[in-house]
Amino acid sequence: MDGTPWLSIVIPCFGRQEMLTGLLDQLCGQIGTRTDVEVIVVDDGTSPPLQVRDTTLVKLLRHERPCGAPAARELGFRNATGRFIHFHDSDDLLGHQWIDAATRAVRQNPAPDLVVTSRLVMEPGGAVSFWHVRRLVEIAKTTARLRAYQRFINRIGPLGGVIFSRRAAEAITFHRAAASQDWLMYDDALASAEHVHFDNKNYFIFNKTQTIRISNNARSRAKGYVFAARTRFRSRRMRRFAARIYCAHGAGELAPVINVRHRWLKRIACELLARHPILAGR
């Protein structure tokens, strides 16, 4: 061992001091006396500035004015020294013994470019559901298939469920889009990925109960979908089609801003194109 941390956990944050404190308490409790994990919090221009209790375990960086989550993630990544990188939203939490499970996943598998876990979803109103990564394994049996599905169906999910190798993270472009940036981060990381490990023994807690979320703003989501479609495809026709596919998946939330017709027909077409990506071209 050369003293380099095996994992850097980057947490972009704007406001949410109480939730950030809870997440950091959980993280520090799991890290304990370990010296091979570093935590980097990026305060994206919060006023008054955010505070952290344990400055020996947590490095606090700051933008003097809000620059957005992608810029905060990029600043955190540029200051990270770990061989693997994990981006975690400040309002989400970790599963039980997440650090230990993540360590085993990386050590027991041959040089993964991405490690993808399950997620426990906390819905508004108190409902709780569990999304098992086994569902993704059944669909994306190869990295090539995962790339194809990601372009249309965005199966991997929130960033809290993924660990990137440094090689994969260095391929990422931190687009300044208002929403759907994580989709494009996966595209970049998967472009040259050789091995994706699906870890069915670990999970994170995806908190959808917060009132201040990009995903709660239908107009921002629609703009993000359009941006993702334009970035992924060269053909104008495919861009329009992909944007409507993305909107169809979130039709309930997007109903006020876009008219999504033939939802299920589009979804079937989406599945076919993902299975046979040569039909879509670029």
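For the single chain, residues carry numbers from 1 onward in sequence order. This structure is a prediction, so every number in the text was calculated from the model and none was measured.
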task = In plain terms, say whether Arg104 and Asp199 are close enough for a salt bridge, that is, a side-chain N and a carboxylate O under 4.0 Å apart.
result = no
query = Is a salt bridge present between Arg134 and Glu138, judged by a nitrogen-to-oxygen distance below 4.0 Å?
reply = no
Give me the atom names and distance for the closest heavy-atom approach of [X] to [Y].
X: Arg167; Y: Ala193; answer: NH2-CA, 4.2 Å
X: Arg83; Y: Thr4; answer: NH1-O, 3.2 Å
X: Ala69; Y: Pro12; answer: O-CB, 4.3 Å
X: Met185; Y: Thr173; answer: CG-O, 4.5 Å
X: Ile99; Y: Leu7; answer: CD1-CD2, 4.5 Å

The criterion is ring-ring contact (aromatic ring centres under 6.0 Å, His included); which residues satisfy it with [X], sequence neighbours excluded?
X: His96; value: none
X: Trp183; value: Tyr225, Tyr246
X: Phe227; value: His175

query = Can you find a heavy atom in the side chain of Phe77 that is under 4.5 Å from one in the side chain of Ile172?
reply = no
For [X], what residues pass the salt bridge (Lys or Arg N to Asp or Glu O under 4.0 Å) criterion, not counting sequence neighbours?
X: Glu123; value: Lys208
X: Glu64; value: Arg62
X: Glu38; value: none

key: Given Asp54, Leu57, Leu24, the one that forms side-chain contact (heavy atoms from CB on, under 4.5 Å) with Val39   = Leu24
request  = Evaluate the side chain to side chain contact (heavy atoms under 4.5 Å, CB included) criterion for residues Trp98 and His86: first the C-alpha distance (whole Å), next the side-chain angles of each, then the deciding distance (0.1 Å), finally the verdict.
outcome  = CA-CA 12 Å; Trp98 186 93; His86 173 69; 3.7 Å; yes
ask   = Side chains of Asp44 and His63: do they bring a donor and an acceptor to under 3.5 Å?
value = yes
